[in-house]
Enquirer: 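For reference, the structure I am asking about is given below.
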Amino acid sequence: MRRKLVVGNWKMHGTLAQSTALLQEVVAATTELSEDVEIGICPSYIHLGLAKELLQNKPLLLGAQDLNSEPEGAQTGEVSASMLADFGVSYVIVGHSERREIFQESDQLVVLKIAAAQAAGLTPILCIGESLEQRQQGLTEEIVIAQLNAVIDQVGIQAFDRAVIAYEPVWAIGTGQTASPTQAQEVHWILRDHLAARDAAVAGAIRIIYGGSVKADNAKDLFLQVDIDGGLVGGASLKAEEFISICKSAD
Ligand code: 13P
């Protein structure tokens, strides 16, 4: 049985006061949450310290939104995997479509980041997904498999022993246009099946979560799908009540 996972990706949002209030509200509601659901919060780097403090002794894990692929060095403005691990971070998002698009991150760089995260003991959340144009051209499977193969070919199937995959169709991110449970399940199954051809145990154990306009009113139907093991939540994770409701939907 795979434990459901719901992760809030706060992206570049929140003042100190807003982030404090949001964390306090989420923390206050954790007593209502089932232990069967694992929950993570990925604030911006600058609010990791605040989150660490407020999440102490709470059943919530700390995540980062990105990392640098190098272990250390003269890279002004960057944060390494070992810095994150040393700080108490458990998860790190890698290859989010916003980073692939805005910062031109290639599959090659994503692979290096996955390897760096794992070497430091972090669990990477590998984001993959097709654009609207690619979906309309019938290229969804080809695109997501290529993104997955980039990691399998370079790091090996064992990369997925300790990783989470987030299927995030680009057209669903921040648009309110959620993939239907059937559309999402179809891709999640393709991904799991592809992994199973290499290692059935790894494929059976890995959590594949869905991201893209997950809301309180659509989470339950998505999470009921056999291959959807939770969600990576953007906008709706910035509202405590809605995020908690989504977490409850995963139970
Ligand atoms: P939204 O939930 O705002 O669509 O964002 C999804 C996402 O990008 C999570 O990483």
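Start at 1 and go down the list; that is how both ligands and their atoms are numbered. All values reported here derive from a predicted model rather than from experimental measurement.
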Enquirer: Looking only at heavy atoms of G211, does any of them come nearer than 4.0 Å to an atom of ligand 1?
Expert: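 The answer is no, since G211 has no heavy atom less than 4.0 Å from ligand 1.
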Enquirer: Are the charged groups of R100 and E105 less than 4.0 angstrom apart, N to O?
Expert: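 E105 and R100: not salt-bridged.
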Enquirer: For ligand 1, indicate whether the residue N9 contacts it via side chain, backbone, both or neither (heavy-atom separation under 4.0 Å).
Expert: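 Only the side chain of N9 comes within reach of ligand 1.
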Enquirer: Check each of Q177, H13, H96 against atom 8 (O) of ligand 1 and report the one with the nearest heavy atom.
Expert: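 Nearest heavy atom to atom 8 (O) of ligand 1 lies in H96.
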Enquirer: Distance alone, cut at 3.5 Å: any donor-acceptor contact between the side chains of Q183 and Y210?
Expert: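 No, because no side-chain N or O of Q183 sits under 3.5 Å from a partner of the opposite role on Y210.
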Enquirer: May I ask whether A172 has any heavy atom positioned less than 4.0 angstrom from an atom of ligand 1?
Expert: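 Contact check A172 vs ligand 1: positive.
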Enquirer: Tell me which protein heavy atom sits closest to atom 2 (O) of ligand 1, plus the residue, atom name and distance to 0.1 Å.
Expert: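 Ranked first by proximity to atom 2 (O) of ligand 1 is G234 N, 2.9 Å.
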Enquirer: Output yes when K4 and D229 qualify as a salt bridge under the 4.0 Å nitrogen-oxygen rule, no when they do not.
Expert: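 No, no charged N to carboxylate O under 4.0 Å.
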Enquirer: Considering heavy atoms of the protein only, find what lies nearest to atom 9 (C) of ligand 1 and give residue, atom and distance to 0.1 Å.
Expert: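 The protein heavy atom lying closest is E168 OE2, 2.9 Å.
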Enquirer: Please state which protein non-hydrogen atom is closest to atom 5 (O) of ligand 1 and give its distance, to 0.1 Å?
Expert: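 Minimum-distance protein heavy atom for atom 5 (O) of ligand 1 reads K11 NZ, 3.3 Å.
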Enquirer: Using distance alone, determine whether G235 and ligand 1 share an N or O pair under 3.5 Å.
Expert: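 N/O-N/O distance under 3.5 Å: yes.
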Enquirer: Please say whether G212 places an N or O atom under 3.5 Å from an N or O atom belonging to ligand 1.
Expert: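 No; the residue has no nitrogen or oxygen that sits under 3.5 Å from a nitrogen or oxygen of the ligand.
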Enquirer: Any carboxylate oxygen within less than 4.0 angstrom of a Lys/Arg side-chain nitrogen, looking at D36 and R3?
Expert: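 Result for this pair is no, no salt bridge flagged.
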Enquirer: Under 3.5 Å between any N/O of E98 and any N/O of ligand 1: does that happen in this structure?
Expert: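 The answer is no, given that E98 and ligand 1 share no N or O pair closer than 3.5 Å.
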Enquirer: May I ask whether A236 has any heavy atom positioned less than 4.0 angstrom from an atom of ligand 1?
Expert: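 Contact absent.
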